[in-house]
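Here is the structure we will look at, set down as structure tokens.
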Amino acid sequence: MEDYNSFLENNGEQKWLDFWQKEKVFQTKDEKGKDNYYVLDMFPYPSGSGLHVGHLKGYTITDVVAKKNLMQGKNVLHPMGWDAFGLPAENYAIKTGIHPKDTIKKAISNFKKQLSSVGYGYDWRKEVTSCEPDYYKWTQWIFVKLFEKGLVYKKKERVNFCPSCKTVLANEQVVDKKCERCGTEVIEKELEQWFLKITEYADDLLKGLEKIDWPEKVKKMQKNWIGKSKGSEIDFDVQDTNETISVYTTRIDTLFGCNYMVVAPEHPILEKLKSKITNWEEVQKYINQAQKQTKIERKANKGKTGVQLKGLKAINPINSQPVLIFVGDYVLMDYGTGGIMAVPAHDQRDFEFSKKHNIPVIEVIQPEKEESPLPEKSYEGEGVLINSGQFSGLTSKEARKKMTRFLKKKGKGKSTTNYKMRDWLISRQRYWGTPIPMVKCVKCGFVPVPEKDLPVKLPELDDFKPTSKGESPLAKVSDFVNTTCPKCGGKAKRETDTMDTFVDSAWYYIRYADNNNEDEIANKEKLKKWLPVDLYVGGEEHSILHLLYARFITKALHDMGYLDFKEPFPKLFCQGMVYRDGEIMSKSRGNVVNPDAFVKEYGLDTMRLYEMFMGPAKQSTEWSDKGVTGCRRFLEKVWRLQEKIKEGYKDSDMVIREMHKTIKKVTRDINDFQFNTAVAALMDFSNTLSNQDQISKQVYKNFIILLSPMSPCIGEEMYQRLGGEKKSIFRANKWPEHDPKLIKEDDITFIIQINGKVRDQIKVKAGISKDKAREKALSSKKIKKRVKEENIKKIIFVPDKLINIVV
RNA sequence: GCCGGAGUGGCGAAAUUGGCAAACGCGUGUGACUCAAAAUCACAUGGGAUUUAUCCCUUGUGGGUUCAAGUCCCACCUCCGGCACCA
């Protein structure tokens, strides 16, 4: 008989890839009366370097899940597409003059070839490509809708700017003070930019996290990023002026201990009151110095610096005591109110600052349990108030309520909520992106391009460099720039910035439901059928950016009535990375395993099986070239097992029992993303089968069915050999179910412990009673040697498992 | 500093959620087949002691709860990821 090796050599796997394509096995059908299941990968950026086996882990997971669901008779939507706008192709274009469109086209075709060669069952009719006009038309449409809803605005701000990519970056795209994409140190620039009001959805985004089935870690990261805190805003009058300075604090209970305050260098009060500040020269010098630095540089100054505003004092509204005012660069203008109250006794930072400037430390909170670290260190915890007038004796918690109420009555305070999350800066001064569909008219201001005129097409260019002024290259195309106002028909100019590519990827999962629709983002019926996504799989690195933006856009579209769900991805699974030699696989490290070469040497079935077997899917694991051989040997063994098949053979009870156990475990493990143990269970069962002289067709068939989501080619080959069926194994609807009755064993190994240590094991009938077990245990030789009846204190009996004799 | 996650053989890892620690696979060793090698098959493989059909120890460290702890509790150490002048 032909062996597995010659099956591979004779293009056995390719035969089935062709067959599935020809028979449209993996095309999405929506047959009536079947459940719909939408399983989605995060769509990739088609890079020039192609895919490596690390990328394929996530894709293999979704494909296994998709195939299993298909075999269970569901309608499955399992699409793939391309996040095709963005900097790499554009930078490459600047270097080489090759149009990004061509670079991307080539990369896509390469990716497609690679993905297809691994046997993934995507329905390519559903493909979406974010740089195509029929796609970005809807990106622009969303922008216009958001604009109409008041969720888009343009404003001048100091923004993060990457000098190498020559574009601004969203806060989320600055990682470790560096550009997320190219690693260049980010600088700050004051520029007019488009923003999406994601902050309006801060609370919704936070609340939505409670209901979705996502890794705890990802939810926590989003929660931290949103950074909600509840506190109070307190107004401090400035003595002998009409001005007040507001501060935000979460610890209003420490207010009696506040004897100085600090404002940000950008705080407007400074300019307003400069005539009253007696040391203005010194203050101004400090401000200038601070403003020369970026936020990032300021953060680098670890010591808290500041200069007192001499001649000015504020009044603490709770006790009318004078409060010194400082300007300090560690106070941020864009968080809270741009001013803080300082309580040296109960904030370590304030404590250190007060030492430097000889400010007294007033203790107002006494710890309830521990000893106060004062005067060596501040006490930052909660406790009972002292030195706090009428509020003394209250706990921190009570005091916060009462003091806020007190100040509110006086008109000096209120409770507020603050978020760390900022609005999403989406304009980019680059070519290769979705044009922002806005027109600036001298008379009407910014006017959105009407829906009927969408898409605003990206003009063909051959010069991709931003202008010397740092504008988008589109600014150089007068045909594009000069237009008429959609409102008044007068002369107008187009916006030349393009959108952050994260806008493109914030909604693509919607489009798969109806990717060829020219009139709507997607047909309502189709949306209802498929969305939200049943399972979303991708890397943890998208925990904040992509996943937060996608949730935001979904919520906004929901509130405008276009979607009837609030969360796009009720279930998220994040696969771990694949390392090699202890490092992330990457071309620059030179440690990538190329899937093409791998498939050629071992076959795609082995490759997929190993991806699933190498370790827990959610955990990062090390790729081992040697570990692969185990999977290959296993498939060879599976191949050889067919020699043992005998039509009508009656398998032993043990084999039947093991089969049902395997069905149960494999089905459950795939549902739980424990693919590694699912494969182990199959290996185990194959070992059992190898030990049989003969096996029935049915047992082998079930085994093959369970294996085929992981290793589809050998699955289809064996299935066809067995049945002579015309239908593909994936469309035969034959996923087996286990029979719980047949899993139960009659004879079990029963453990006998003495004081919790295993001393003997005996074979007993299942369901043995406690008394019977005790009797058997005590009659064991090994136990007799160690235990005298009269010394027995207690007997613990765990049915069908063990008996523990305590002496 | 804060918030997560992890720590089990030579290696990747299992452990039905408190009940035989090391399933499955890799590697290694011995044997069978072979002129030989590869492949395959069989057996062994956490550490230590030994009178070798016997005993002791072992899940990062130290303590605790329990008849019983890799699993629960407390403290600590190490590694990885995220956030970080956020008031």
Side-chain angles (χ1 to χ4, degrees), chain A residues 3 5 175-176 215-225 227-229 231-232 247-251 254 261-262 295 298-305 328-332 334-343 347-350 353 418-421 540-541 543-544 576-577 609-610 613-616 618-634 636-637 640 661 664-665 668 674 676-687 690 749-761 782 793-807:
Chain A
D3 64 8
N5 213 16
V175 177
D176 211 12
E216 241 6 81
K217 185 182 179 183
V218 177
K219 290 209 249 183
K220 269 270 159 58
M221 278 166 74
Q222 292 214 350
K223 201 176 161 195
N224 290 342
W225 187 264
K228 180 176 182 166
S229 79
S232 325
V247 300
Y248 172 73
T249 179
T250 53
R251 292 298 303 275
T254 64
M261 61 197 305
V262 188
K295 278 183 222 160
R298 278 204 217 166
K299 280 180 203 170
N301 303 337
K302 276 282 167 222
K304 315 296 172 231
T305 64
D329 65 1
Y330 67 95
V331 178
L332 307 174
D334 62 0
Y335 181 78
T337 60
I340 61 163
M341 65 175 229
V343 184
D347 182 290
Q348 188 57 23
R349 196 178 49 189
D350 299 344
F353 193 93
N418 256 303
Y419 300 90
K420 288 186 198 170
M421 185 170 65
E540 232 162 41
E541 67 274 16
S543 299
I544 296 170
M577 298 242 233
L609 194 69
Y610 181 63
F613 183 61
M614 58 192 288
K618 69 175 172 189
Q619 189 179 302
S620 296
T621 37
E622 174 82 17
W623 179 276
S624 151
D625 296 313
K626 283 199 175 146
V628 167
T629 59
C631 290
R632 170 62 189 263
R633 288 209 275 251
F634 165 68
E636 286 166 6
K637 203 172 191 178
R640 285 195 304 268
K661 275 187 181 170
K664 183 180 176 188
K665 182 151 180 65
R668 197 188 53 202
Q674 283 162 5
N676 55 332
T677 50
V679 176
L682 287 167
M683 289 172 165
D684 222 352
F685 188 45
S686 84
N687 289 340
S690 297
T749 309
F750 196 77
I751 302 300
I752 306 168
Q753 295 183 334
I754 298 171
N755 289 339
K757 292 200 168 171
V758 180
R759 291 305 179 194
D760 199 6
Q761 38 184 283
K782 287 182 188 170
K793 275 197 200 144
K794 203 172 169 186
I795 299 244
I796 309 283
F797 173 73
V798 182
D800 287 351
K801 234 168 221 152
L802 58 80
I803 189 163
N804 187 11
I805 303 162
V806 186
V807 294

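Naming: A, B, ... by sequence-line order, numbering from 1 per chain. No experiment lies behind these values; they were computed from the predicted model shown.
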- Query: Is there a side-chain polar atom (N or O) of Tyr330(A) under 4.0 Å from OP1 or OP2 of A87(B)?
  - Reply: no

- Message: Need one value for Lys420(A): base, sugar-phosphate or nothing, where a base atom within 4.0 Å counts as base even if backbone is also close, heavy atoms only.
- Response: base

- Residue Lys664(A) excluded, over 12 heavy atoms near NZ under 6.0 Å: no

- Applying side-chain hydrogen bond (donor to acceptor under 3.5 Å, both in side chains) to Lys637(A) and not counting sequence neighbours gives Asn687(A)

- How far, in whole Å, is C2(B) from U65(B) if one measures between their C1' atoms? 30 Å

- If you check the Asp329(A) side chain, which of C3(B), C85(B), C57(B) turns out closest? C85(B)

- Residues passing the side chain to side chain contact (heavy atoms under 4.5 Å, CB included) test with Ser620(A), sequence neighbours excluded, are Met577(A), Tyr579(A)

- Note on the structure: Its glycosidic angle compared against 90° from 0, U61(B) adopts the form anti

- Taking side-chain hydrogen bond (donor to acceptor under 3.5 Å, both in side chains) as the test, write out the residues that go with Gln348(A), two or more places apart. Glu352(A), Ser378(A)

- Message: Each nucleotide in nucleotides 14-27 of chain B should get exactly one letter: B, S or -. Can you fill that in based on protein heavy atoms under 4.0 Å?
- Response: S----BB--BBSSS

- Item | side chain to side chain contact (heavy atoms under 4.5 Å, CB included) against Pro799(A), all qualifying residues, sequence neighbours excluded | Phe797(A)

- How far, in whole Å, is A44(B) from U59(B) if one measures between their C1' atoms? 23 Å

- Task: Please collect all side chain to side chain donor-acceptor pair (under 3.5 Å) contacts where either partner lies in residues 750-761 of chain A, sequence neighbours excluded, each pair once.
- Result: Asp760(A)-Ser780(A)

- Message: Applying side chain to side chain contact (heavy atoms under 4.5 Å, CB included), can you list everything that pairs with Lys228(A), at least two apart in sequence or on another chain?
- Response: Asp203(A), Leu206(A), Lys230(A), Thr417(A), Tyr419(A)

- Query: Expressed as a whole number of Å, how far does the C1' atom of U61(B) sit from that of U78(B)?
  - Reply: 10 Å

- Could you spell out the base pairing of RNA chain B in dot-bracket, with Watson-Crick or G-U pairs whose two distances are under 3.5 Å, [ ] crossing and | to another strand? (((((((..(((......[....)))((((((.......))))))((((....))))..(((((..]....))))))))))))....

So which protein N/O to nucleotides 52-55 of chain B N/O distances come out below 3.5 Å?
unit_1, atom_1, unit_2, atom_2, d
C55(B), OP1, Arg786(A), NH2, 3.0

- Taking side chain to side chain contact (heavy atoms under 4.5 Å, CB included) as the test, write out the residues that go with Lys665(A), two or more places apart. Arg668(A), Asp669(A), Thr677(A), Ala681(A)

- Message: Just N and O in the side chain of Lys220(A): are any of them under 4.0 Å from OP1 or OP2 of C3(B)?
- Response: no

- Task: Check every strand shown and say whether Lys793(A) touches a base, only sugar-phosphate, or nothing at a heavy-atom separation below 4.0 Å.
- Result: nothing

- Task: Determine yes or no for a side-chain-to-main-chain donor-acceptor pair under 3.5 angstrom, with Asn804(A) supplying the side chain and Gly756(A) the backbone.
- Result: yes

- Query: Distance between the P atoms of G70(B) and U16(B), in whole angstroms?
  - Reply: 13 Å

- Query: Quick one: salt bridge (charged side-chain N to carboxylate O under 4.0 Å, His left out) partners of Arg251(A), sequence neighbours excluded?
  - Reply: Asp253(A)

- Message: Can you check the distance between C20(B) and A68(B), where both ends of the measurement are the C1' atom (answer in whole Å)?
- Response: 12 Å

- Item | N or O in side chain of Lys219(A) less than 4.0 angstrom from C3(B) OP1/OP2 | no

Report each atom pair, protein N/O against N/O of nucleotides 42-50 of chain B, whose distance is under 3.5 angstrom.
none

